[in-house]
Every structure is written in C-alpha cells, then in structure tokens.
Amino acid sequence: MAERFELLADLLEIEGAESYRVLAYRRAAARIRETPTAVAEMALEGKARALPGVGRTIEEKIVQIVQDGEIKALRDRRDRIPSDLIAFLRVPGLGPKTVRRIWQELGITTVEGLRQAAAEQRLRVLTGLGPKTEENVLKALSVEQAPPAPQRTLLGKALPAVRQLVAELQDDAHVDRISEAGSVRRRKETTRDVDLIATARDPAGLTARFVAHEAVAEVAAHGPTKATVVWQNGLRFDLRVVPPESYGNLLQHFTGSKDHNLALREAAVREGLSVSEYGIVVVETNEVITAESEEDVYRRLGYELIPPELRENLGELEAARRGELPRLVDVDALRGDLHMHSTWSTDADHSLEEMARAAQARGYDYVAVTDHSHYLREDRFRAQAEEIAALNERLTPFRILQGIEVNIGLDGSVDAPDEDLAACDWVIASLHRAFDSSPNERILAAMEHPHVHCIGHPTARKIGRREGADLDLEPLIAKALETRTFLEINSQPDRLDLRDVHARAAREAGLQLAISSDSHRVSELANVEYGVAQARRAWLGAGDVLNTRPWREVEALLGSGEKR
DNA sequence: GCCGTTTTCGGCCCGACTGTTTTCAGTCG
C-alpha cells in the first residue's frame, strides 16, 4: 500500500502537481508503513483517517486498493505516463521537473533512450542542462546496469565505522566538537549514508581534511561547510560543519529524522519561531537563540529532551510536550542473556564454559544456553545437562540455565521430546524454514505447547536478503499474553527481529520482550547493543524487557504448572 | 492533500550545493 502511494506521488510530481499534494501522499505512505496494525481494516471501518496524514481522500484510496485492487488515480496515470520515467528519477541530479522536460520537450520515454540522448549530447539543448548533466546520466545508467542498486548498510556495520571515524577526527586540529548524527545516531536498523556533524574554527579546513581521508574513493559534494564522500568499502559519509555556538542546533537538525524535524518546525512556526541548524529565530524580533546542547533546543521549544531513537514523528513530540516520554532501557540494565549457542551446536565457535565466563565478565547473573535441538538428540541432551551442572558448581552464584532452541515444524509441532523440554529451564521455539507456510498458525500452535517459553526471531527475516514471514502480530501478541509465552528481540545485526514497530505494538499490549544476542561466539554477546537500540526505538523501558530481571523473577513470570 | 490554542481557507521547514546561468532553479537531505 505504501509503495503504491509513493508511486502515485512520483507520477504526480512528474505531472507537475502542487508540491504539497505530493508531500501529502509521501507522508501517508510513511505513516502506513510505520503503522503496525492493519490499515486496510481501519480504512474499511472509516477509522484510517485517525492516522496523522491520512484524510478523507487518502482513506478512500486505501479502500479502492482493498476493494478494486488498485487506486483509480494511479491506474489512469500509469496509462498516461511512461513507466521508465520513474527510473529517470533515480539518476542523481535528475528531479521531477527535469524528468518532465526530458519527456515532454525531447520525447524521451525509455531508459535506453535517455542513455543514448546523453551519449549523443542531445540533453544540453534544454536550458539548464549541460555536459555535466549528460555525464551524470551516463555514469548512473552504466553503473545501474552492472551491479544491483546500492544496498542499505546494516547498523552493525555503520555504527562501528562511524565511531572509528569520529575517534580519528576528534584528534584533528581543525575540530572543536564532533559527533555521529543522522539515522545511525537514531540507531535505525539500516542506513543509506552515515552522517557526521562538527563544529570548527576553520570549517573549510575541516571539510578539506575530510575529503582527503585515505579511504575516500569518491567525493560526491564538497563545499566550505558540507561534504559527501564515498569510501572504498562503499560507505557514504556526510559531514556538516557549523560554528561552535550552534552545536546543539546542528546536532538536533542533522540527527533528524526528516519527519521529526518537519513536525517540530511546523509547530514552532505556529508559535512565531523559525528553527534551523544555526538557531531558533524569534520571527517578530529577529532575535537568534543558539544552543550548545540539544536539551536546550528542545527545552526552548517546549519539549523535554527526546532520545534520538524516538525521533520519527510517531508520537514522541506530543509525549515530550506533556513530559511523558518513557525512560528507555539501556544495555547496563540487562541481567542475563536468554539465547546463545555453544560448541554443542556445530555452527558455534566457543565452548559452554567460554561463553558462560564471557557472559559473567559482561556483568550478567545468568545465561540460557540454547543450542539447536538437532544437535542435542538422545544422550547428548543429558550429557550437556551434566556439563552445565558441573559448571554451575564452579561458577556459582552465576547460573547457566539449561535451554534449547527447537524448530517449529510445518504442523506447528516442535522437534524435541517432551521429557527433554520438561527438564529445561528455558525453551525457545523458532521458525527456521518454510516461512511462507502458515507461519501465524504454526507460531500460535507453538505458543500453546506446555513447555515453550519464547518465540525466537519471530519473523525470521534476514535484512536485505529475505523478507521473513508475513506475520499478523495482533493475534500473536494476544496469544503470547494468554499462554505466558514471550517474544524475542533478536540482536543479530541482520535480524533485529522483532523490528521496532512490532516490538512497540507488543509493549503497548503489555507484553514483555526478551532482548537476546543469539551469539554463536564470544564476540557476539556484545550484539545486544543493537537489540537494545531496537527496543529503545520501540519505546521499551527496563520494565518491558524480561532479561532486566533476576532469573528468579523471570521464572515466576513463566506461570505456575505446565510452563515451568 | 492535510489540518486548525490565530484559520473549514490558506497556509504548509529550512538551508547547502550543483550546474547552469549571469542571479537562480532544481535537487537533496
């Protein structure tokens, strides 16, 4: 649905529609994408317009999608406008106005036609287009045909990279203060480019130093206060520099998100204030208020400080206005890890003892070792139990819980004997195959199992590689509450499953979640940082996270009787 | 197209960089 509205926005833009109408469709698309409940059902009941950015017209168009399979306005325009024009928009530097002129004035309607026109220097006959534009078109279209479109970068790769670059530039003589910003600072699961901001006495000197970094493969833009580079490893970095007194304004501006800032500024305009990265201007008096910290920016605009992870215009501004933001969970609050593997699973690198000692060194009180069921057949299950018992005697008061990760079969059954499951402290059931075959029903059945405590990586997605199961979260959350089963936020950088909006829906329903590393080696225990980030984006406080509790309390939550 | 502690009409965030042009429109974030 969101994709259709985005396509409609693109086509309207090429047609030359008024920009705010286009913006309205884009906002609606974003809202639909971030709404965890079924928007189609809401629209049929006439309730979709309760969503911010969805009004009467867009609600009607949602109903058209449900009832007719397509939006009439979209079908009409698809007939009129050549489909390749959408691809033109993806060429850097070509926007809707230029694409429209290339189409209407030069009669070009295909990607190949565009490439040829650029090669034959026919684009420059249009005023405003010149040799450089033709060069950009040729470059974009030849690149596009070789490797696939540039992938978004996982947080697990972008965050360490930006931290290292910040540390490097921190020591540079030009730099006053420097920080990560943008979607990495908001800890989004993937990023398109990595943003940095800095203050400096000599901004031009700093951007020059930035584009001259040894790892830079390409300089995409370079001005005195702003530069964009592409590194040899494919990462795109953006640096923006302002004077020291505006550090708070700049950090706030460049952390985003765009939607958050848009809403923040619209609200400010209504109060006679104009907000930019340089400061807050009182329109009436032209007084400029600069802020050295983000907290000052938010306070001056009437909000409490909003943690970066919440800045998506999904209710945080209203909550901050009322002083009702949640106190978000942080990594230090975790008392244990409820999903990890040892060399009892052949896809893992470290022994039970190595994993346990590493967890203890992180300050945990307990871990559940949850090796895969197919590696613990027959007497291997008992042998592992003996090893755990022996280790527990030596490591006390640290505790290794005996766990297992079982597969959810096609019929919703799990693949380990009941007597083994009954002997476990903690049982995770996960989908590992056939994600398209009734995933909802299979998970619901697994939750009904008397010995299953948690559903691991519920959708089984792999970011950038596999969509994962198309789950209907509402009944799953309801069943989880009913059966005292928990859901996991899996911290592997390419899983982060449940994702933010789903985890938020679970929290709002009153369900606690486990933040687990799913480590297969010692180094991966630290991945819980990414799971915690996802939890923070989902508005979770420490109380919403199962493994912030001592094991004794977790155990009590598993219910009396059959789930024990 | 959406929305309302100035409005049911008339607004709608703000600034940097590029490529082109002689002062700016378009694009981008």
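All values reported here derive from a predicted model rather than from experimental measurement. Proteins get letters first, then strands, A, B, ... in listed order; numbering begins at 1 in each.
Salt-bridge formation is detected for the pair A:E277/A:R240: a Lys NZ or Arg NE/NH1/NH2 atom is positioned less than 4.0 Å from an Asp or Glu carboxylate oxygen. Taking the charged nitrogens against the carboxylate oxygens, A:E318 and A:R322 have no contact shorter than 4.0 Å, which rules out a salt bridge. A salt bridge does not link A:R27 to A:E34: none of the charged side-chain nitrogens sits closer than 4.0 Å to a carboxylate oxygen. A salt bridge links A:R187 and A:E180; the closest N-O separation between the charged side-chain nitrogens and carboxylate oxygens is under 4.0 Å. With salt bridges taken as basic N to acidic carboxylate O contacts below 4.0 Å, one links A:R311 and A:E294.
Closest to the side chain of A:K258, out of B:dG1, B:dG15, B:dG29, is B:dG29. Minimum atom distance to the side chain of A:K61 is reached by B:dG1, of the listed B:dT20, B:dC17, B:dG1. Closest to the side chain of A:A221, out of B:dC17, B:dC13, B:dC2, is B:dC17. Of the candidates B:dG29, B:dC2, B:dG15, B:dG29 carries the atom nearest the A:H253 side chain, counting heavy atoms from C-beta on. Picking from B:dG1, B:dC17, B:dG15 the nucleotide with the shortest atom distance to the side chain of A:R21 gives B:dG1. Comparing B:dC17, B:dC13, B:dC14 by their nearest atom to the side chain of A:S276 picks out B:dC14. Each of B:dA16, B:dC14, B:dT20 was ranked by its minimum atom distance to the side chain of A:V269; first place goes to B:dC14. In this structure, of B:dC17, B:dC12, B:dA16, it is B:dC17 that holds the atom nearest to the side chain of A:P224.
Per the geometry, CG belonging to A:L126 stands 17 Å off P belonging to B:dG19, to the nearest Å. Summarising the geometry, the separation between OH on A:Y20 and P on B:dG1 is reported as 16 Å, rounded to the nearest angstrom. Whole-Å rounding puts the A:Y278 OH to B:dC13 C1' distance at 15 Å. Computed from coordinates, the A:D238 CG to B:dC17 P distance equals 11 Å when rounded to whole Å. In this structure, A:R27 places its CZ atom 10 Å from C1' of B:dC3, rounding to the nearest Å. Between A:R270 atom CZ and B:dC2 atom P there is a gap of 17 Å when expressed in whole angstrom units. Separating the CD1 atom of A:I58 from the P atom of B:dC2 is a distance of 4 Å, rounded to the nearest angstrom. One interatomic measurement links the two molecules: CD of A:Q252 to C1' of B:dC13, which rounds to 12 Å at whole-angstrom precision.
Within the nucleic acid shown, A:T98 comes within 4.0 Å of sugar-phosphate atoms alone, with no base atom in reach, counting heavy atoms only. Using a 4.0 Å heavy-atom criterion, one finds that A:T127 contacts no nucleic acid atom at all. Among the heavy atoms of the strands lying under 4.0 Å from A:L262 is at least one base atom, whether or not backbone atoms are also near. Among the atoms of the strands shown, only primed sugar atoms or phosphate atoms (P, OP1, OP2) are found under 4.0 Å from some heavy atom of A:T133. Nucleic acid contact class of A:R26 (heavy atoms, under 4.0 Å, all strands): none. Among the heavy atoms of the strands, none lies under 4.0 Å from A:L23. Among the protein residues, A:F254 comes within range of no part of the nucleic acid, since none of its heavy atoms lies under 4.0 Å from any strand. Within 4.0 Å (heavy atoms only), A:E18 reaches at least one base atom of the nucleic acid. At a threshold of 4.0 angstrom between heavy atoms, the contacts of A:V275 are confined to the sugar-phosphate backbone, with no base atom among them.
Separation of the C1' atoms belonging to B:dG11 and B:dT18 is 30 Å when rounded to the nearest angstrom. Spacing of P atoms, B:dT21 relative to B:dT27, comes out at 15 Å, to the nearest Å. Annotation: B:dC14 and B:dT8 have their C1' atoms spaced 28 Å apart (nearest Å). Comparing the C1' positions of B:dG26 and B:dT20 gives an interatomic distance of 10 Å, to the nearest angstrom. Straight-line distance between the P atoms of B:dG10 and B:dG15: roughly 26 Å, to the nearest whole Å. Nucleotides B:dC28 and B:dC13 are separated by 14 Å at their C1' atoms, to the nearest Å. Look at the C1' atom in both B:dT7 and B:dC12: the space between them is 13 Å, to the nearest Å. B:dC2 and B:dT6 have their P atoms separated by 23 Å, given to the nearest Å.
Under the Watson-Crick or G-U wobble criterion, with both distances below 3.5 Å, B:dT8 is left unpaired in every strand shown.
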Residues A:R122, A:Q116; criterion side chain to side chain contact (heavy atoms under 4.5 Å, CB included); working and verdict:
CA-CA 9 Å; A:R122 281 188 281 118; A:Q116 274 181 23; 4.2 Å; yes

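For the pair A:G130 and A:G223, nearest-nucleotide mapping onto DNA chain B gives the more 5' position to A:G223. For A:R240 and A:V99, each mapped to the nucleotide of DNA chain B holding its nearest heavy atom, the one lying further toward the 5' end belongs to A:R240.
Phosphate contact (OP1/OP2 of B:dC14, side-chain N/O of A:S274, threshold under 4.0 Å): present.
A:W231 places a side-chain heavy atom less than 4.5 Å from the side chain of A:H213. Side-chain contact between A:N261 and A:N313 is absent, with no heavy-atom pair separated by less than 4.5 Å.
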